[in-house]
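Following: one structure in structure tokens, then a few remarks.
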Amino acid sequence: MTTSRTMAATDAALPARFPVVDAARGAALAAMFVYHFAWDLSFFNLIGVDVALDPGWRVFARAIAGSFLFIVGVSLVLATRHGLNRRAYLRRLGLVAGAAAGITLATWIAFPASFIFFGILHHIALASVLALPFLRAPVAVVIAVAAVALVLPFAVQHAVFAHPALLWVGLAPKPPVTNDYVPLLPWFGAVLAGVAAARLALPRIASLAAARWQPGGPAGRLLVWGGRHSLWVYLVHQPVFLGAVWLIALAAGPDLAAEGRKFAASCQQSCMTAGTSAGTCQTFCACASDGLKQSGLWNAILSRPLSDVESARLGEITAMCRVQ
């Protein structure tokens, strides 16, 4: 009884928020800034890498998403260690869900062919509800469900989940075309991993040095500030980046060489996604680019939408390359 009272008194002396968690979230934000700025440069053809398709950048993006969702699980445990404050919880949930809806609307207007219908904020809103029972379930159960969630999409896929109403589940054979896709599976596994890790650490939280960590310099304080205001920073940063890169693109003009490299990478990726071998795809894409250059369509396809006549000519070129 004395030990329990001592631990409770020590825990009560700890801060309501943990700067180390805020700093970790701020570091994830900083990594996200790097990715989104690179994505914007790629979108405006200012660099020759197609960030959306490049394997290295895709791994980087997944690592960022996984770290954010792991921290979501940790934060849920820490925020409810003295019980669930329903008013604060519902307020935060409403803010995240509202922001997610706003992103869907904004991207539907700006990028109708690839708008975000279930991105990171959509996932956080849903996961914040689905994770509630796991805050009190046995830790072994939390770990087991996390493992199943992480593995299931690689073992089970079905065409029924390709229906637009079920794409959020994450069990469709092919991912949809969207600028940010963080479906329930496997990503809910990262949230539950954070829940499990925090619950395992919670009994010893009073003795952990990290629980009392305070930022000691400008960089640390900036990370903590960003982590504590992560939702608003997330909502503001990308419009600012897009606007800045757009101005740079206007001043620099189109880089046709970079666009050509992006065309080749995109062609290769699309071809291989259809199940064709890498060698065959390389031959096809080289044939297509040569045909576009010889027909005078190369600059046109890189700089503007094609006319009906030009589109018909493009179809003839690709059909010829398929035969060859």
Side-chain angles (χ1 to χ4, degrees), residues 24-25 27-72 100 103-104 107 110-111 113-124 127 146 149-157 161-162 167-191 193-194 230 234 237-238 241-242 245 255 258-279 281-282 284-285:
R25 191 183 297 109
L29 273 174
M32 183 187 64
F33 291 168
V34 173
Y35 175 80
H36 280 169
F37 191 69
W39 189 95
D40 295 340
L41 291 173
S42 174
F43 179 76
F44 284 104
N45 297 312
L46 293 175
I47 57 177
V49 178
D50 192 334
V51 170
L53 296 176
D54 182 79
W57 281 106
R58 288 168 68 89
V59 170
F60 185 48
R62 282 163 170 73
I64 296 169
S67 64
F68 264 114
L69 296 175
F70 183 88
I71 294 170
V72 167
I103 284 179
T104 294
T107 56
F111 311 103
S114 57
F115 73 98
I116 300 172
F117 63 89
F118 205 87
I120 187 74
L121 289 185
H122 303 73
H123 187 106
I124 290 174
L150 290 169
V151 172
L152 192 61
F154 302 98
V156 178
Q157 295 180 348
F161 292 101
L167 283 172
W168 61 272
V169 177
L171 295 179
K174 291 184 179 180
V177 178
T178 175
N179 287 334
D180 186 27
Y181 183 51
V182 189
L184 180 66
L185 300 172
W187 295 105
F188 188 52
V191 177
S230 57
Y234 178 86
H237 85 281
Q238 184 63 324
F241 281 7
L242 278 171
V245 175
D255 184 345
E259 293 181 19
R261 290 191 294 270
K262 277 188 64 177
F263 172 85
S266 178
C267 175
Q268 184 88 357
Q269 179 71 24
S270 300
C271 178
M272 292 178 64
T273 301
T276 309
S277 68
C281 287
Q282 185 174 4
F284 169 80
C285 293

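Being a predicted model, the structure only gives us computed values, none of them experimental.
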*Can Ser114 and Asn179 be said to form a side chain to side chain contact (heavy atoms under 4.5 Å, CB included), step by step?*
CA-CA 6 Å; Ser114 57; Asn179 287 334; 3.3 Å; yes

*Determine yes or no for a side-chain-to-main-chain donor-acceptor pair under 3.5 angstrom, with His122 supplying the side chain and Gly119 the backbone.*
yes

*Minimum heavy-atom distance between Ile116 and Thr104, given as atom pair plus value*: O-OG1, 2.9 Å

_What I'd like to find out is whether the side chain of Ile120 reaches to under 4.5 Å of the side chain of Ile64, using heavy atoms alone._
no

_Least distance between heavy atoms, Ala162 atom then Pro173 atom_ = CB-CD, 4.4 Å

*Which pair of non-hydrogen atoms, one from Arg25 and one from Ser230, has the smallest distance, and what is that distance?*
CD-OG, 3.3 Å

_Apply side chain to side chain contact (heavy atoms under 4.5 Å, CB included) to residues Leu242 and Phe44 and explain how you reach the verdict._
CA-CA 9 Å; Leu242 278 171; Phe44 284 104; 3.9 Å; yes

_Full working for side chain to side chain contact (heavy atoms under 4.5 Å, CB included) between Leu121 and Asp180_ = CA-CA 10 Å; Leu121 289 185; Asp180 186 27; over 6 Å; no

*Which of parallel (below 30°), tilted (30 to 60°) and perpendicular (above 60°) describes Tyr35 and Trp57?*
tilted

*For the residue pair Leu185 and Leu152, what are the closest heavy atoms and their distance?*
CD1-CD2, 3.8 Å

*Minimum heavy-atom distance Ala38-Val51, with the two atoms named*: O-CG2, 3.5 Å

*On the 0 to 90° scale, with breaks at 30° and 60°, tag the Phe111-Trp39 ring pair as parallel, tilted or perpendicular.*
perpendicular

*Between atom CE of Met32 and atom NE2 of His237, what is the distance when rounded to the nearest 0.5 Å?*
4.0 Å

*Assess whether side chain to side chain contact (heavy atoms under 4.5 Å, CB included) is satisfied between Val191 and Ile124, documenting all intermediate values.*
CA-CA 9 Å; Val191 177; Ile124 290 174; over 6 Å; no

*Is the backbone of Trp168 close enough, under 3.5 Å, to the side chain of Tyr181 for a donor and an acceptor to pair up by distance?*
no

*Have a look at Thr178 and tell me which of Phe115, Phe117, Phe118 forms a side-chain contact (heavy atoms from CB on, under 4.5 Å) with it.*
Phe117

*So, for Arg62 and Trp187, which heavy atoms are closest and what is the spacing to 0.1 Å?*
O-CH2, 3.4 Å

*Above 12 or not: heavy atoms from other molecules or residues under 6.0 Å from CZ of Phe33?*
yes

_Straight-line distance of Gln238 CD to Ile103 CD1, nearest 0.5 Å_ = 9.5 Å

*Quick one: are Phe43 and Val245 in side-chain contact, heavy atoms under 4.5 Å?*
no

